[in-house]
Amino acid sequence: MKIPIAAIRRLTLHDGPGTRTTVFVKGCPLHCRWCHNPECLSARPQLLFHDNLCAGCGKCATVCTEGCHSVSPRTIDRSRCRLCGKCVDGCWCGALEICGRDYTPEALLPLLMRDADFYESGGGVTVSGGEPLLYAEAVTLLFSLLHERGIRTALDTCGEASWEAFEAVLPFTDLVLFDIKGMDPERHRENTGRDNGRILGNLHRLGERGVPVEIRMPVVPGCNDSEGEFEAAARFLARIPSVVAVRLLPYRSLARSKYRAAGIADTMPDEPTPDKAFLESRAAILRRNLAMPIQIMS
Ligand code: SF4
Ligand code: SF4
């Protein structure tokens with residue numbers, strides 16, 4: 001029972017209440033155009049190349065037995081890569097990295113317990129991604145081990161998962177962070193690769209079960225930011241009694257270098273970050289209909 005992990009970030013402040021440690025899993029059923037963790041899209045390990053750190057010394061090309069690296073011009077043929085790690089070890093600039101390592105819940109536990117003192121701020125552990133519910137059985141065990149030690153847990157999900165996966169994890173989950181990426185099913189499919197039928201159905205069921213849910217809404221110009229989208233979201237959320245807060249996440253195109261590093265096509269919209277007045281106008285639509293806190297994230 002293993003989970004492919006892209007990263008473990010310590011002392012995070014925006015992945016649930018208090019100070020937290022956030023585990024980013026690899027693998028996601030959606031493919032959002034604006035994804036800011038593209039290294040988490042695939043569940044498989046990947047060779048990342050950070051071009052800003054490369055000194056062009058050619059050591060990687062020397063040590064790679066598969067001929068993946070070329071320095072002039074600087075290219076990497078990942079189709080031949082066996083992920084042996086020799087070039088990573090050989091690069092003195094830290095420009096190469098293998099992203100993705102399998103952990104059992106038992107192996108993750110001591111890494112997460114290192115920060116137990118910080119969790120006393122009301123924080124805990126968040127599992128994010130990627131989509132944690134792809135690994136529902138392992139996440140359930142991880143959360144149960146954390147609960148045994150008095151550590152609070154949060155599940156950060158895109159919602160595109162079976163209800164059975166939710167049911168497994170929920171008994172050991174204190175808070176669900178749930179993304180709404182759009183209300184129009186066809187636009188949702190264009191923006192993420194799938195429609196939102198199952199996602200909204202799962203959110204409705206979380207409400208029926210009384211599970212505390214914090215909603216995350218990325219605000220992406222030209223994709224999901226119309227008045228109609230927010231009015232529809234407000235009507236829908238008004239029927240979910242267990243929503244404790246809604247946070248708007250303004251689009252930023254800062255992740256472009258991550259696409260280059262992973263060697264995958266950059267799908268991020270060529271759009272600016274929405275300004276404060278625009279975000280306030282969308283928050284106002286939600287506030288007119290909903291009683292819970294509506295926050296614009298920085
Ligand atoms: S990980 Fe190994 S096979 Fe892949 S590029 Fe580096 S040295 Fe070559
Ligand atoms: S070893 Fe590192 S610094 Fe040298 S060319 Fe390869 S990636 Fe660049």
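In listed order, ligands and their atoms are each counted from 1.
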Examine distances only and state if a side-chain atom of Glu131 and a backbone atom of Cys158 form a donor-acceptor pair shorter than 3.5 Å. yes
Can you report which non-hydrogen protein atom sits closest to atom 8 (Fe) of ligand 1, along with the distance? Cys64 SG, 2.3 Å
Taking atom 2 (Fe) of ligand 1 as the reference point, the nearest protein heavy atom with its distance: Cys84 SG, 2.3 Å
Considering the heavy atoms of Leu47, write down every atom of ligand 1 situated less than 4.0 Å from one of them. 5 (S)
So does Cys223 get a backbone contact from the side chain of Asn191, meaning a donor-acceptor N/O pair under 3.5 Å? yes
Nearest-0.5 Å distance that lies between atom SG in Cys81 and atom CD in Gln46: 10.5 Å
Member of Asp115, Thr21, Thr22 meeting the side chain to side chain donor-acceptor pair (under 3.5 Å) criterion with Arg10: Asp115
Which one of Leu200, Asn224, Ile199 satisfies the side chain to side chain contact (heavy atoms under 4.5 Å, CB included) criterion with His188? Ile199
Protein residue, atom and distance nearest to atom 1 (S) of ligand 1, heavy-atom basis: Gly85 N, 3.3 Å
Pull out every atom of ligand 1 sitting under 4.0 Å from any heavy atom of Cys68, numbered as shown with elements. 5 (S), 8 (Fe)
Tell me, please: is Leu83 in heavy-atom contact with ligand 1, that is, under 4.0 Å? yes
Is the shortest side-chain heavy-atom distance between Leu286 and Leu248 below 4.5 Å? yes
Lys/Arg cation over aromatic Phe24: Arg9, 6.0 Å, 45° cone: yes
Numbering the atoms of ligand 1 from 1, which are under 4.0 Å from a heavy atom of Arg82? 3 (S), 4 (Fe)
If you count the atoms of ligand 1 from 1 in the order shown, which ones are under 4.0 Å from a heavy atom of Glu66? 3 (S)
Taking CG in Asp275 as the centre, count heavy atoms belonging to other residues, nucleotides or ligands within less than 6.0 Å. Is the count above 12? yes
Which residue and atom name correspond to the protein heavy atom nearest atom 7 (S) of ligand 2, and how close is it? Arg74 NH2, 3.4 Å
The protein heavy atom nearest to atom 4 (Fe) of ligand 1 is Cys81 SG, 2.4 Å
Around atom 6 (Fe) of ligand 2, what protein N, O or S atoms are found below 2.8 Å? Cys60 SG
Is it the case that His147 and Arg152 place a side-chain donor and acceptor less than 3.5 Å from each other? no
Going through the checks in order, is the salt bridge (Lys or Arg N to Asp or Glu O under 4.0 Å) test met by Lys26 and Glu39? CA-CA 7 Å; Lys26 273 176 74 63; Glu39 71 281 11; over 6 Å; no
With the 4.5 Å side-chain cut-off for hydrophobic clustering, are Met1 and Leu155 part of the same group? yes
